[in-house]
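Comments concern the structure below.
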Amino acid sequence: MDLLYKQYPVHIENSLLGKKELLIPVVEGRIGMYVCGPTVYSNVHLGNARTFTSFDFIFRYLSHLGYKVRYVRNITDAGHLENDGDEGEDKIAKKARLEELEPMEIVQRYTVDFHKIMQQLNALPPSIEPTATGHIVEQIEMTKTIIDRGWAYVSNGSVYFDVDTYNRDGGDYGILSGRKIDELQEGSRVLEGQEEKRNPSDFALWKKASPTHIMRWPSPWSVGFPGWHLECSAMSTKYLGEEFDIHGGGMDLKFPHHECEIAQNIATNSKKGAKYWLHANMLTLNGKRMSKSTGNTILPSELFNGDSPLLIKGFNPSVVRFFMMQAHYSSVLDFSNDALLAAEKGHQKLMSAWIKLKGLASSKESTWNLQAWLDKCYLSLSDNFNSPIFISHLFEAIKMINQSENQIPLVQSDLDLLTQKMDAFIFDILGLQVDEQGSSQSDALDKAMDLVISLRAKARENKDWKTADIIRDELAAAGIKLKDGANGTSYEF
RNA sequence: GGUUCCGUGGCCGAGUGGCUAGGCACUGGUCUGCAAAACCAGCUACAGCGGUUCGAAUCCGCUCGGAACCUCCA
């Protein structure tokens, strides 16, 4: 049998070219994917979580297709400047100073928070999760190489990438974002402390630390810290090679971060790193980008437990994930209570059908075209990871399942295949989870419920509606919903 | 000001030249002691104005509205 990725070749929208292309891995059967991770100086907000959930879904699908995927997602724990001038301060160091903590305490706290949230959202851990501080040596080496090749200069102990010279030598700074350097300089903000740079568009590879700066490492140029853009170049090269397949990140990193990464890669080894660039779009709240300064923000933990003035209730992480998956990763997704509520219902319908499917019997012949449906599902996923279309196909199957009384219009082998594929689609690829309580239902509980249901059935036989309704209402209050059907009563959480 | 992108039915959200996703909500019906669920049916839209075309939500132009980025951003 053909491998799935050969049967359903993946096409992805490459931000570098602005068009969809066939994914052809550098090494057949393997995918190297790098995603820019979070800067761990505060709790991840929901927008961050969306980006990582999007790439988790992509990782899951590529793996499902049979690719051997090495997924590298870094933790930025140093080198992320507040601004690029002399007053530039490392984000981690700033937070540490404000909270009077050791920088690595900040890093530890928010790394743990990040992992916890991503786990709740059922995101798989990446294959490698390297940290910037763990790769200072590599970053220094890369800086040396770029200086040696003539595209960086030392200024007062700091090292800057020389964008003008790089482009004059045939570099293509601006290729990703479509920006032209001349325009950039005209439009750029006036920043303090730019005098170390020859040119405003130059960016730091290494920054000399001020006497009070608390994160510092020795280097040939000064005691200091690496520039933000450099870590991703250094770590992606180290773990995925000079040429690898996919580089992902939030849309807001396209410029300057990813633009700088490409320039650094080419300046180091004449190769631009990733073949395909993917950008996950922003999550907006009330039509605006989330921002801590304006209060237009929500933390995943608040969303899960409902502890926010913006929410009427909490939502299960799997519902949140389903909500995100109903939009394409490359589209802006607007967040609202109503949208979440709708997603919750849809999620419930999906899970109910999944549970029903497992209890259905097969038929003597298949009158539902399983293969055609499978093709549609895979084609939608392979078409630039189109999760919304994919989910719409899922609901076609759900309709068929719900139309089935006790028998599904499929022979046993088809029923087995459908069950296996639904399992893979819902849980392995979309990464959804059945309600924890629902999945933990034990035999004992089943027996107890059977008893309660039969008692209620008796009451109903005797037209003792009062007793029947008390049982149903009390169970409902306890979170157990009874459903009277033609073939008896079932329950769910 | 520059770059990129978007404006789809009550809401969310796909589609990107013809065959008009899907979810949620709503209305009617089936089922049912009632309810819930499910099923059936209905509601059927593409910001506005022009243009190209046999045909445009989809391509082009303009107008209006919104978003992201332009060295903190996922």
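A note on names: the letters A, B, ... follow the listed sequences, proteins ahead of strands, and every chain is numbered from 1. Values below: all heavy atoms of this structure, side chains included; hydrogens, waters and symmetry mates excluded. All values reported here derive from a predicted model rather than from experimental measurement.
Only the P atoms considered, B:A35 is 12 Å distant from B:G29, to the nearest whole Å. Taking the C1' atoms as reference points, B:C43 lies 11 Å from B:G10, given to the whole Å. Spacing of C1' atoms, B:A47 relative to B:C64, comes out at 8 Å, to the nearest Å. Remark: the separation of the C1' atoms in B:A57 and B:G48 is 14 Å, to the nearest Å. Straight-line distance between the P atoms of B:U53 and B:C24: roughly 43 Å, to the nearest whole Å. The same atom, C1', is picked in B:G7 and in B:A14; the two are 15 Å apart, to the nearest Å. Taking atom C1' in both B:U44 and B:A25, the straight-line distance is 15 Å, to the nearest Å. B:G23 and B:G15: their C1' atoms are spaced 16 Å apart (whole Å).
Under the side chain to side chain donor-acceptor pair (under 3.5 Å) criterion, A:Gln403 pairs with no residue at all, not counting sequence neighbours. For A:Asn281, there are no side chain to side chain donor-acceptor pair (under 3.5 Å) partners two or more places apart in sequence or in a different chain. Every residue meeting the side chain to side chain donor-acceptor pair (under 3.5 Å) condition with A:Lys421, not counting sequence neighbours, appears here in chain and number order: A:Tyr378.
The residue A:Leu333 sits close only to the backbone: its heavy atoms come under 4.0 Å of sugar-phosphate atoms, none of a base. Using a 4.0 Å heavy-atom cutoff across all strands shown, A:Lys254 reaches no nucleic acid atom at all. Across all strands, A:Gly47 comes closer than 4.0 Å to base atoms (heavy-atom distances).
Between the CG atom of A:Leu283 and the C1' atom of B:G66 there is a distance of 16 Å, rounded to whole Å. Distance CD1 (A:Ile471) to P (B:C34): 19 Å, rounded to an integer number of Å. One interatomic measurement links the two molecules: OH of A:Tyr173 to P of B:U3, which rounds to 17 Å at whole-angstrom precision. Counting to the nearest Å, the P atom of B:C70 and the NE2 atom of A:His257 are 13 Å from each other. Following rounding to the nearest Å, A:Leu205 (CG) and B:U71 (C1') show an atom-to-atom distance of 14 Å. A:Glu259 places its CD atom 15 Å from the P atom of B:U3, with the value rounded to the nearest Å. Spacing between atom CD1 of A:Ile355 and atom P of B:A38 amounts to 13 Å, rounded to whole angstrom units. Atom NE2 in A:His393 sits about 10 Å away from atom P in B:G22, given to the nearest Å.
Counting heavy atoms from C-beta on, the side chains of A:Asn199 and A:Lys197 never come closer than 4.5 Å.
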Grab the N/O contacts between the protein and nucleotides 14-18 of chain B below 3.5 Å, and write none if there aren't any.
{"residue": "B:A14", "atom": "OP1", "partner": "A:His328", "partner atom": "N", "Å": "2.8"}
{"residue": "B:A14", "atom": "OP1", "partner": "A:Ser331", "partner atom": "OG", "Å": "3.1"}
{"residue": "B:G15", "atom": "OP1", "partner": "A:Asn386", "partner atom": "ND2", "Å": "3.1"}

All N/O pairs under 3.5 Å across the protein-nucleotides 39-42 of chain B interface:
{"residue": "B:C39", "atom": "O3'", "partner": "A:Gln403", "partner atom": "NE2", "Å": "3.4"}
{"residue": "B:C40", "atom": "OP1", "partner": "A:Gln403", "partner atom": "NE2", "Å": "2.5"}

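Below 30°, between 30° and 60°, or above 60°: for A:His279 and A:His258 the angle between ring planes is between 30° and 60°, a tilted geometry.
Of the candidates B:C69, B:G33, B:A74, the closest approach to any side-chain atom of A:His45 belongs to B:A74. Counting only heavy atoms from C-beta on, A:Arg456 has its side chain closest to B:C34 among B:A21, B:A74, B:C34. Distances were taken from every side-chain heavy atom of A:Met282 (C-beta onward) to each of B:G33, B:A74, B:C69; the shortest belongs to B:A74. Here B:C24 is the nucleotide among B:A74, B:C24, B:C34 with the atom lying nearest to any side-chain atom of A:Lys345.
Remark: A:Lys116 is not positioned above the aromatic ring of A:Phe114, lacking an NZ or CZ atom under 6.0 angstrom from the ring centre and at most 45 degrees off the axis.
Checked for salt-bridge contact, A:Glu261 and A:Lys254 miss the test: no charged N lies under 4.0 Å from a carboxylate O. A salt bridge between A:Arg198 and A:Asp164 is absent, with no side-chain N of the basic residue lying under 4.0 Å from a carboxylate O of the acidic one. A salt bridge does not link A:Asp90 to A:Lys94: none of the charged nitrogens lies less than 4.0 Å from a carboxylate oxygen.
For A:Arg472 against B:A36, no side-chain N or O and base N or O form a donor-acceptor pair under 3.5 Å. Between the side chain of A:Asp334 and the base of B:G66, no donor-acceptor pair under 3.5 Å is found.
Under the Watson-Crick or G-U wobble criterion, with both distances below 3.5 Å, B:A14 has no partner in any strand shown. Across the strands present, B:C49 finds its partner in B:G61; the criterion is a Watson-Crick or G-U wobble pair with both atom distances under 3.5 angstrom. Using N1 to N3 plus N6-O4 or O6-N4 for Watson-Crick, or N1-O2 and O6-N3 for G-U wobble, each under 3.5 Å, B:C5 pairs with B:G66. The base-pairing partner of B:C26, taking Watson-Crick or G-U wobble contacts with both distances under 3.5 Å, is B:G42.
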Using distance only, find each side-chain donor-acceptor pair of residues 334-343 of chain A under 3.5 Å and give its atom names and separation, not counting sequence neighbours.
{"residue": "A:Asp334", "atom": "OD1", "partner": "A:Thr284", "partner atom": "OG1", "Å": "2.7"}
{"residue": "A:Asp334", "atom": "OD1", "partner": "A:Gly287", "partner atom": "N", "Å": "2.8"}
{"residue": "A:Ser336", "atom": "OG", "partner": "A:Ala339", "partner atom": "N", "Å": "3.2"}
{"residue": "A:Asn337", "atom": "OD1", "partner": "A:Ile312", "partner atom": "N", "Å": "3.3"}
{"residue": "A:Asn337", "atom": "ND2", "partner": "A:Leu310", "partner atom": "O", "Å": "2.6"}

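Ring to ring, A:Tyr110 and A:Tyr41 are not that close: their centroids are 6.0 angstrom or more apart.
Residues A:Ala49 and A:Phe395 each lie close to RNA chain B; by heavy-atom proximity, the contact nearer the 5' end of the strand is made by A:Phe395. Positionally, the nearest nucleotide of RNA chain B for A:Ser336 lies more toward the 5' end than for the other of A:Lys463 and A:Ser336.
With hydrogens and angles ignored, the 3.5 Å screen pairs no side-chain donor or acceptor of A:Asp245 with any backbone N or O of A:Met33.
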